[in-house]
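First up is the structure itself, then whatever we jot down about it.
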Amino acid sequence: MPEKLICVAGARPNFMKIAPLVRALRADGRFVPVVVHTGQHYDDAMSGQFFRDLEIPEPDYSLRAESGSHARQTADILRSIEPILLDEAPAGVIVVGDVNSTVACALAAAKLQIRVTHVEAGLRSFDRRMPEEINRLATDAIADLLLVTEESGRRNLLAEGVPEQRMRVVGNLMIDTLRHNLARSAQSDVRERVGATGPYGVVTLHRPSNVDGPEQLREILAALGEVAREMPLYFPAHPRTRGVLRNAGVELPAGIHLLEPLGYLDFLRLMSGSAIVLTDSGGIQEETTALGIPCLTLRENTERPVTIELGTNTLAGARRDSILRAWAETKANPKKGRIPPLWDGQAALRSVEALREYYDGAGAQTPARA
Ligand code: UD1
């Protein structure tokens, strides 16, 4: 009798990681994936469109997590997932990434002694001002099986005292999704719709530290305005960012074209034709490395160092001068980069193997939480 694994998806960057995993679990048959959408992201453009683009089955459960403060959102997800865990009595819960849904569902499951698998474990920015860093630390501390995307994740976990047998380096599920969809994305007409013909850049911004204060947002936009004198920039804006732009009356410099949030296939099409990407996203640092497109990360740190060491990513900081310096360097000497190990489109298969090994082996008998 196949055992149930609850797969949690809550916010936009989760959907690309859940999609290949659910597909691989179904194909394998050893487990039955039960998809729970926490509703952390709820707009069609941030959620429903991704389910359609990525052909993720309709969630078995759709919760309606509150927006609002971190405490309210996390508490609301904790409360609403618990009865589902009790009803379904799954063999395990799989959480992905570092959003509030990740930590909330991991915590609810661990307290019920349901085994937790964390996909994308071990990434660390070493910046505890980032809410995601707290989510990563807390989730990894209580997860039983840690599936790791890059070598730095394994090193960080070992340095935190996590025993080697709790982790597996499986590669990057998000890159499985990218490889699976690259050809399909060519059918998107987004470039024609927005008028992106000659060389252009793509911008995304949504980190609270970059967008919640209008002054900081203006500082970044001043740099982007300089870049936009040389090539148009297309900027699909996250609802958080759009709210600040609107409420604080922040003007966009000429040459920056504000767009609605794009679905997965449209965004991949826009990004894959761009000359440069300027972003504060985590996942886009990885996707640009996989595509070989130079990426300027508008942050002081990254939890994904392999994108800098091997890939096309450069940390540009979030000040006007540092961004412009990085832009000048990139123009003079664009990073070519190479694909990090195990970013080969097979991470979901390795994840299912790791789950099988864990559940069929010693892990099933002894709680791994040391
Ligand atoms: C969340 C994640 C972040 C991730 C990002 C990707 C946490 C702590 N943060 O941040 O790690 O990089 O998702 O997008 O979990 N909103 C809408 N429609 C939506 C979703 C959100 O209007 O579909 C609004 C919310 O009401 C809120 C704001 O956008 O006012 C921020 O949403 P929230 O989920 O709190 O955090 P994100 O900034 O999206």
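Remember, it's 1-based here, ligands and their atoms both numbered in the order they're listed.
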Of all the non-hydrogen atoms in the protein, which one sits nearest to atom 33 (P) of ligand 1, and at what distance?
->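 Result for atom 33 (P) of ligand 1: H41 NE2, 4.2 Å.
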
Side-chain (T204) to main-chain (T279) donor-acceptor, under 3.5 angstrom =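 No, the answer is negative, given that no donor and acceptor are paired below the 3.5 Å cut-off.
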
Can you check whether N135 has an N/O within less than 3.5 Å of an N/O in ligand 1?
->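 It does not: no N or O of N135 is found under 3.5 Å from an N or O of ligand 1.
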
H70 N/O to ligand 1 N/O under 3.5 Å |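 In this structure, H70 places no N or O atom under 3.5 Å from an N or O of ligand 1.
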
Remaining members of V169's ILVMFWY cluster at a side-chain heavy-atom cut-off under 4.5 Å?
->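 Listed partners: L146, V148, L157, L158, V162, M167, L342.
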
With clusters built from Ile, Leu, Val, Met, Phe, Trp and Tyr whose side-chain heavy atoms come within less than 4.5 Å, directly or transitively, what are the remaining members of the cluster of L205, listed by chain and number?
->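 The other cluster members (ILVMFWY side chains, heavy atoms under 4.5 Å, direct or chained) are V203, V211, L217, I220, L221, L224, V227, M231, L233, F235, V244, L245, V250, L252, I256, L258, I276, L278, L296, L298, I323, L324, W327.
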
Given V8, N14, T102, the one that forms side-chain contact (heavy atoms from CB on, under 4.5 Å) with V96 =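 It is N14; the other options fail the test.
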
Touching ligand 1 at all, S47? Heavy atoms, strictly under 4.0 Å?
->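 It does not, in that no heavy atom of S47 comes within the 4.0 Å cut-off of ligand 1.
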
Hey, is E132 touching ligand 1 through its side chain, its backbone, both or neither, going by heavy atoms under 4.0 Å?
->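 E132 to ligand 1: side-chain contact only, backbone stays beyond 4.0 Å.
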
Per-residue contact class, S281 against ligand 1 - non-hydrogen pairs under 4.0 Å =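 The answer is neither.
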
For ligand 1, which atoms have a heavy atom of Q73 less than 4.0 angstrom away?
->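 With Q73 as reference, the close atoms of ligand 1 come out as 34 (O), 35 (O).
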
Would you call E353 and R350 a salt bridge, taking side-chain N to carboxylate O under 4.0 Å as the test?
->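 No.
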
